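The structure appears right after this line, and notes come after that.
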Amino acid sequence: MGFLRNWRRKRVLTSARIDAALWARVASKLSFLRGLSDEETARLKQLVVLFLAEKEMHGARGLQLTDEARVSIAAQACLPILNLGLDVYNGWVGIVVYPGEFRVRKEETDEHGIVHTFDEELAGEAWPGGPVILSWEDVGLAERGYNVVIHEFAHKIHLDGAGDENFPAAGAGMDAAKWRETLEEAYRRFCTEVDAGLATFIDPYAAEHPAEFFAVMSEAFFTESAVLARDWPELYGQLALFYRQDPAGRAG
Ligand SMILES: [Zn+2]
């Protein structure tokens, strides 16, 4: 199964590369890419080329996606899988980018079995086995600790991999019980801090659900890594094992 895919990928890489000036423009706006070594940057660029060859990215509602927008989204999507491999994203192709927040109809069943329907404005959404939807305006709001692309692709890694509705399963070679305990304990601590009204550099939205906690902490792991490593050392250590990266240990 993997043979044909590997052959195609080799072909893509021999015939396509990212323009150096284009990459420089993209990287200048993504500060968390600066600490990557030359070797890591080269591999990230290869992943971006393959990602753009294998996925279909469309602008919605008349949004025209520039090359810079495509490469920027791809670079942020590929950073979490730099050491996990592109196969983590197999099984789906679509990325839809709206100009701004988009409205979706949600249904929720309450404790009495009554189904409530409501509309929600979203900055991003990830479907299990399906597309990722992003608001370009919110992609542009990326700052330290907030990154909608990394957030949605962390959901994708969780939804399409092993695990339950709360958390992804531990990666190969990890202590599965330690991973789970660390996430659960950190989530409890975070919810307690939010309930107590304590100021935190982590988006309080992370208290909504364990799966949101994982996605929001993944944003912090890649874009505010030194602060996360300082304030949440056990969680940082487990995420470093999960993603097989140590962004806080990088220069820059
Ligand atoms: Zn989310």
Side-chain angles (χ1 to χ4, degrees), residues 30 32 55 57 60 72-81 84 88-89 91-92 94-109 116-169 179-180 182-184 186-191 193-195 200-225 227-228 232 235-236 238-239 242-243 247:
L30 301 173
F32 45 87
K55 304 302 178 202
M57 212 184 287
S72 177
I73 289 171
Q76 295 172 80
C78 289
L79 180 64
I81 55 145
L84 300 178
V88 171
Y89 292 153
W92 59 277
I95 298 156
V96 181
V97 188
Y98 283 91
E101 288 198 330
F102 49 94
R103 185 177 290 259
V104 290
R105 181 136 292 194
K106 297 264 170 181
E107 276 190 358
E108 236 168 54
T109 309
H116 299 266
T117 307
F118 55 99
D119 288 340
E120 203 172 21
E121 297 279 346
L122 295 180
E125 194 173 39
W127 289 77
V132 173
I133 306 161
L134 298 166
S135 148
W136 179 242
E137 190 186 354
D138 289 85
V139 172
L141 295 175
E143 55 178 296
R144 284 179 173 271
Y146 179 77
N147 187 294
V148 68
V149 182
I150 291 175
H151 181 102
E152 296 310 329
F153 281 84
H155 277 318
K156 214 58 189 130
I157 292 166
H158 175 192
L159 289 166
D160 293 348
D164 61 14
E165 59 159 0
N166 285 345
F167 297 118
W179 162 249
R180 187 76 192 194
T182 305
L183 284 168
E184 286 174 350
Y187 181 61
R188 273 197 300 273
R189 180 188 140 195
F190 185 77
C191 291
E193 289 183 4
V194 170
D195 286 345
T200 163
F201 78 98
I202 305 288
D203 188 345
Y205 177 68
E208 289 269 312
H209 189 277
E212 295 306 331
F213 182 73
F214 170 73
V216 170
M217 284 304 194
S218 295
E219 295 174 66
F221 178 74
F222 287 106
T223 69
E224 191 67 299
S225 45
V227 182
L228 190 73
W232 298 81
L235 179 65
Y236 179 88
Q238 288 298 306
L239 288 172
F242 181 82
Y243 285 113

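Being a predicted model, the structure only gives us computed values, none of them experimental. Note that ligands are numbered from 1 as they come in the structure, with each ligand's atoms numbered from 1 the same way.
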Considering only N, O or S atoms, which atom of [X] is nearest to the Zn ion (ligand 1)?
| X | answer |
| --- | --- |
| His155 | NE2 |
| Glu212 | OE1 |
| His151 | NE2 |

How long is the straight-line distance from CD of Glu125 back to NZ of Lys106, given to the nearest 0.5 Å?
4.0 Å

Closer than 2.8 Å to the Zn ion (ligand 1): does that hold for any N, O or S atom in Glu125?
no

Which of parallel (below 30°), tilted (30 to 60°) and perpendicular (above 60°) describes Trp92 and Phe153?
tilted

Is it the case that Glu219 and His151 place a side-chain donor and acceptor less than 3.5 Å from each other?
yes

Looking only at atom types and distance, does a side-chain atom of Tyr187 sit under 3.5 Å from a main-chain N or O of Ala207, one as donor and one as acceptor?
yes

